[in-house]
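The structure appears below as C-alpha cells.
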Amino acid sequence: MLYAQTTPADKRAGFRERLASGELLRFPGAFNPLSARLIERKGFDGVYISGAVLSADLGLPDIGLTTLTEVAGRAKQIARMTELPAIVDADTGFGEPMNVARTVQEMEDAGLAGLHIEDQINPKRCGHLDGKQVVDEHTALQRIRAAVDARRDPNFLVMARTDIAAVDGLDAAIDRAKALVDAGADAIFPEAMRSLEEFAAMRAAVDVPLLANMTEFGKSELFTVQQLADVGMNLVIWPVSLLRLAMGAAERGLDELTDAGALTGLLPQMQHRADLYELIDYEGYNHFDTSIFNFTVAR
Ligand SMILES: C[C@](O)(C(=O)O)[C@H](CC(=O)O)C(=O)O
Ligand SMILES: [Mg+2]
C-alpha cells in the first residue's frame, strides 16, 4: 500500500551488496511509477530512470532541456513506488561541478540508489546521436570529484558515464574510464560501445562495476543478458524500451479505433483491470477503509 517499505538507505546498501557479488543486474527503464512496480513484480533487480524517457514524456528532445527539479521530482515519484533500487540519469549534472554536488544531494533526498554523470559538453545530446562533444579530462574529473564529495550516504552510487568513444575512439574511452575511477567513480557507463569486444576491453581496463546500455535503434548491437554477463558486465539497462513498447501499442490502438471504431479486438493485448488493481494493491487500502475494495472484477 502507498509507497515502498524499504528505506532509501536499505535499498542502497542492498544494491551495493549485489553489485559487489559481480553478477549482472538487470535494470529496465521505468517510464512512470506504475511501470516501476511492474518491473519489480516481474523479478528484475532494479529500475533505471532515463533522461531520454523523462524528456520524451514531456514531448521534448533529449538535449538537456529538463531541469534538476523536474528530473529529481519525477525520479522520486518512481523510486518511492518500488522496493528495488533505482538509478537515475543525471545527464551532465545540470551545470558546473558545484551544481553536480547539489544534484547528488537532491537525488539522495529523492530516494535514489545512485546516478550517472556524463562527460558531454552542455547542452548534452542523446549518446547515440552523431556530433557529440565531450569536455576535457580536467572538467570530467571535477564533475565526479564534486559528486563523490557531496554525497552523505557512502552507499549512494556515483557512476561516471563517458561518451568519448564515439568522439575519439575506444582507447580514449579506456583512458578516460581509468581516470574517472581514480577520481572516485564507483562504476563506469561506457556509452555507445559497438561490440562485445569493446565491452570486454573496457572490462579488462577497470576494476569497478560496468554498465551496458542496450538501447534500441542506437549504435550498440542488442546483446543478450548472457552475452553481457560473459564479458563481465555488472549492470544492464534497457532505458527507453518500455516507453517504446507502450507507445507502439498506443499507436496501434489508435489506428484500430480509426479502422474498426472500437477496441474490442485489442482487449487481449490490454492490461486487464483486475491486473491493474492488483498491481496498485487496491485491496491493501481496505486497511484504511473497508469500502474501498468491495467489488470484484471479472476477467
Ligand atoms: C541512456 C540514455 O542516456 C537515456 O537517457 O536513457 C540514452 C538512451 C537513448 O536515447 O536511447 C542514451 O543517451 O543512450
Ligand atoms: Mg540520457
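Order of listing sets the numbers, starting from 1, for every ligand and every atom in it. This chain uses plain numbering: 1 for the first residue, then up along the sequence.
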Q: Please confirm whether P239 comes within less than 3.5 Å of ligand 1 when only nitrogen or oxygen atoms on both sides are compared.
A: no
Q | Close approach, R161 and ligand 1, non-hydrogen under 4.0 angstrom | A | yes
Q.
Show the atoms of ligand 1 that are less than 4.0 angstrom away from any heavy atom in C126.
A. 9 (C), 10 (O), 13 (O)
Q: Could you list which atoms of ligand 1 come closer than 4.0 Å to a heavy atom of G127?
A: 12 (C), 13 (O)
(Q) Would Y48 count as a contact residue for ligand 1, given that I'm defining contact as a non-hydrogen atom of the residue lying under 4.0 Å from a ligand atom? (A) yes
**Q.** Contacting atoms of ligand 1, where contact means under 4.0 angstrom from a heavy atom of T215
**A.** 8 (C), 9 (C), 11 (O)
Q: Return yes when R244 approaches ligand 1 closer than 4.0 angstrom through a heavy atom, no otherwise.
A: yes
Q. Below 3.5 angstrom, do we get any N/O pair linking R125 and ligand 1?
A. no
**Q.** Atom indices of ligand 1 within 4.0 angstrom of A52 heavy atoms, with elements
**A.** 4 (C), 5 (O), 6 (O), 10 (O)
Q: Specify the protein heavy atom at minimum distance from atom 6 (O) of ligand 1: its residue, its atom name, and the distance to 0.1 Å.
A: S50 OG, 2.6 Å
Q. Take atom CE in M98; do more than 12 heavy atoms of anything else shown fall under 6.0 Å from it?
A. no
**Q.** Closest non-hydrogen atom pair, R161 against E191
**A.** NH2-OE2, 3.2 Å
(Q) If you consider just the N/O/S atoms, which atom of D89 is the closest one to the Mg ion (ligand 2)? (A) OD2
Q.
Using side-chain heavy atoms (C-beta onward) and a distance below 4.5 Å, is Q142 in contact with V135?
A. no
Q.
Contact between D91 and V71 at the side-chain level, heavy atoms closer than 4.5 Å - yes or no?
A. no
Q.
Tell me if the centroids of the rings in F27 and Y48 come within less than 6.0 Å of each other.
A. no
Q) Heavy atom of E191 under 4.0 Å from ligand 1? A) yes
Q. Taking atom types as modelled, is there a side-chain donor on S35 or N32 under 3.5 Å from an acceptor on the other?
A. yes
